[in-house]
Asks: 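Please find one structure pasted underneath; my questions will follow.
What's counted below: heavy atoms across the whole structure, side chains too, no hydrogens, waters or symmetry copies.
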Amino acid sequence: MTLRVVQWATGGVGVAAIRAVLEHPDLELVGCWVHSEAKHGRDVGELIGGEPLGITATSSVEEILALDADAVVYAPLMPNADEVAALLRSGKNVVTPVGWVYPSDKQAAPLREAGIAGGATLHGTGIAPGGISEKFPLLFSVMSTGVTFVRAEEFSDLRTYDAPDVVRHVMGFGDTPDKALSGPMQKLLDGGFIQAVRMCVDAFGFKADPKIVARQEIAVATAPIDSPIGVIEPGQVAARKFHWEAVVGDQVVVRVTVNWLMGEENLAPAWDFGPEGQRYEMEVRGNPDFTVSIKGFQGEVGEDGPEPGVVATAAHCVNSIPAVCAAPPGVATYLDLPLFSAKAAPGLR
């Protein structure tokens, strides 16, 4: 049975999600919510740079709530729990890359109630958090026993991230160190990555302190660096690291780290990605110890087209939809869903 899907927001992830829905054999795009009045009333195909689809984008929440649809890929820049609750109460399953990967009982309660009332399910997913940070370390860990430490780490060159307003005003690049350290980025990241660490702690059974330790580091430019926000001048923030750790006694048992650099040159401290370059990396220490390195989700400077990690985030959302629609109403994490996969390309099935 074909599932009817609505796309909520048409940023980078939203556009990639629309394209993914269009080529998925079990899904049909039936609606699209847009934030901008300039996009209201336009054909969705035009919004993604393609041929007309006969589906008109709307900025009306009421129109989306009234639409006959099975699922919504909810991908705004910032999550709004009231919007998600309304979608769930309207009977629409919600898959999202902006939160609820492993919510606490308090965070989940109102959304679980809304889902049960509407017979719908909420699922948080993505890439990091939402995949590399917890789902895949847990998956790979089945090939070890007696686990003592788990690490998930991102190494990304942000010169390929074409979202200058986010890079400057949210991520804090180009600011002074003091301003960046006191800015919103740590708090924005905490919600998702703390949930990722807690999922690992609970699944492995670590007797960890319930408080997750969050810390950050900054490197500044030592010479002018070209970036998506223009030239970053010496003394301005040009690299950031964020860490989240779970501790048993004085031993770190789970660590998730994000390394965001504007290239590897002209930084103080002199950070780099190491010989493997950009990647996602997962490590499990147990019997045996092993490390998994994944390349291909980060673009290279000068490449055209969307950032691969953005496309991967959208793909993870879209490929989740059938499993989420089949799940019991409420809130479903990775621990509640069966194994699912992508589908073959249209010409090969």
Side-chain angles (χ1 to χ4, degrees), residues 3-24 27-50 53 55-67 69-101 111 114 120-131 161-167 169-171 184 188-189 191-192 305-321 324:
L3 298 169
R4 295 165 57 85
V5 180
V6 171
Q7 176 56 44
W8 185 289
T10 55
V13 171
V15 168
I18 290 170
R19 292 173 177 154
V21 168
L22 293 175
E23 69 175 36
H24 196 292
L27 305 178
E28 176 189 3
L29 186 73
V30 297
C32 180
W33 181 88
V34 289
H35 180 267
S36 166
E37 286 298 324
K39 295 181 180 179
H40 176 83
R42 294 173 63 185
D43 189 281
V44 176
E46 177 188 352
L47 294 180
I48 66 170
L53 297 173
I55 302 166
T56 302
T58 179
S59 58
S60 168
V61 174
E62 290 72 22
E63 286 184 23
I64 296 297
L65 293 176
L67 195 62
D70 298 291
V72 177
V73 178
Y74 179 78
L77 181 61
M78 297 293 293
N80 182 320
D82 291 336
E83 289 175 344
V84 173
L87 290 168
L88 293 168
R89 287 184 183 280
S90 76
K92 297 173 182 64
N93 297 280
V94 177
V95 178
T96 179
V98 294
W100 302 288
V101 169
L111 297 169
T121 303
L122 169 64
H123 176 60
T125 182
I127 188 168
Y161 190 44
D162 189 21
D165 288 343
V166 175
V167 171
H169 300 300
V170 180
M171 293 181 169
L188 289 174
L189 294 176
E307 179 73 8
V310 171
V311 177
T313 298
H316 206 177
C317 291
V318 171
N319 289 325
S320 302
I321 291 172
V324 174

Asks: Keeping the roles fixed (side chain from D70, backbone from L3), state whether a donor-acceptor pair exists under 3.5 Å.
Replies: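 Checked: no pair found.
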
Asks: Any donor and acceptor pair, going by atom type alone, linking the side chain of W100 with main-chain N or O of G124 inside 3.5 Å?
Replies: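 No.
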
Asks: Of all heavy-atom pairs between A81 and L111, which one has the smallest distance, and what is that distance?
Replies: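 Shortest heavy-atom contact: O-CD2, 3.7 Å.
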
Asks: What's the shortest heavy-atom distance between V13 and P97, and which atoms?
Replies: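 So the minimum-distance heavy-atom pair works out to CG1-CG, 4.2 Å.
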
Asks: Looking only at atom types and distance, does a side-chain atom of Y74 sit under 3.5 Å from a main-chain N or O of L122, one as donor and one as acceptor?
Replies: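 Side chain of Y74 to backbone of L122, a donor-acceptor pair under 3.5 Å: no, none is there.
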
Asks: For residues A17 and A314, report the shortest heavy-atom separation together with the two atoms involved.
Replies: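 Scanning both residues completely, I find the closest heavy atoms to be N-CB, 3.4 Å.
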
Asks: For the residue pair A312 and I127, what are the closest heavy atoms and their distance?
Replies: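 Between these two residues, the closest heavy atoms are CB-CD1, 4.1 Å.
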
Asks: Please round to the nearest 0.5 Å and tell me the distance separating atom CG of D165 and atom CE of M171.
Replies: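 Atom-to-atom, D165:CG and M171:CE are 12.0 Å apart.
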
Asks: Measure the spacing between CG of N93 and CG of L87 and express it to the nearest 0.5 Å.
Replies: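 Reported to 0.5 Å precision, the distance equals 10.5 Å.
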
Asks: Do S320 and H316 pass the side-chain contact (heavy atoms from CB on, under 4.5 Å) test, and can you show the C-alpha distance, the side-chain angles, and the key distance before you say yes or no?
Replies: CA-CA 6 Å; S320 302; H316 206 177; 4.1 Å; yes

Asks: Is the shortest heavy-atom distance from the side chain of V6 to the side chain of I64 under 4.5 Å?
Replies: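 Yes, at least one pair of side-chain atoms sits under 4.5 Å.
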
Asks: Could you go through E28 and V5, starting from their C-alpha distance and side-chain angles, then the distance that decides it, and tell me whether this counts as side-chain contact (heavy atoms from CB on, under 4.5 Å)?
Replies: CA-CA 6 Å; E28 176 189 3; V5 180; over 6 Å; no

Asks: Ignoring hydrogens and geometry, is there a side-chain-to-backbone donor-acceptor pair from E307 to Y161 under 3.5 Å?
Replies: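 It does not hold such a pair.
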
Asks: Check whether any side-chain heavy atom of V84 lies under 4.5 Å from a side-chain heavy atom of N80, and answer yes or no.
Replies: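 Counting from C-beta outward, V84 and N80 never come under 4.5 Å.
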
Asks: Okay, side chain of R19, backbone of I48: is any donor-acceptor separation there less than 3.5 Å?
Replies: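 The answer is yes, because a donor-acceptor pair under 3.5 Å joins these two groups.
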
Asks: Decide side chain to side chain donor-acceptor pair (under 3.5 Å) for S59 and K39; before the verdict, give the C-alpha distance in whole Å, the side-chain angles of both, and the deciding distance to 0.1 Å.
Replies: CA-CA 8 Å; S59 58; K39 295 181 180 179; over 6 Å; no

Asks: Would a distance-only check, ignoring hydrogens and angles, find a side-chain to backbone donor-acceptor pair under 3.5 Å from K92 to L65?
Replies: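 Side chain of K92 to backbone of L65: a pair is present.
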
Asks: What distance separates Q7 CD from C32 SG, expressed to the nearest 0.5 Å?
Replies: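 Rounded to the nearest 0.5 Å, the CD-SG separation comes out at 6.0 Å.
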
Asks: Run L29 and V44 through side-chain contact (heavy atoms from CB on, under 4.5 Å) and show every step you take.
Replies: CA-CA 10 Å; L29 186 73; V44 176; 4.0 Å; yes

Asks: Carefully, step by step, assess I55 and V30 under the rule side-chain contact (heavy atoms from CB on, under 4.5 Å).
Replies: CA-CA 7 Å; I55 302 166; V30 297; 5.8 Å; no

Asks: Working to the nearest 0.5 Å, report the span between CH2 of W33 and CD of E83.
Replies: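 Separation between the atoms: 6.0 Å.
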
Asks: Working to the nearest 0.5 angstrom, can you tell me the gap between R42 CZ and T10 OG1?
Replies: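 Nearest 0.5 Å value for the CZ-OG1 distance: 9.0 Å.
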
Asks: Quick check: closest heavy atoms across T125 and C317, and the distance to 0.1 Å?
Replies: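 In terms of heavy atoms, the two residues are closest at CG2-SG, 3.6 Å.
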
Asks: Once rounded to the nearest 0.5 Å, what's the spacing between atom CD1 of I321 and atom NE2 of H24?
Replies: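 The CD1 atom of I321 sits 7.5 Å away from the NE2 atom of H24.
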
Asks: Would you indicate whether the side-chain heavy atoms of S36 and V34 approach each other to under 4.5 Å?
Replies: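 Not in contact.
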
Asks: Take a 6.0 Å sphere around CG of L77 and say whether it holds more than 12 heavy atoms from other residues, nucleotides or ligands.
Replies: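 Open.
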
Asks: Treating D43 as the side-chain partner and L53 as the backbone partner, does any N or O pair qualify as donor plus acceptor under 3.5 Å?
Replies: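 Checked: pair present.
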
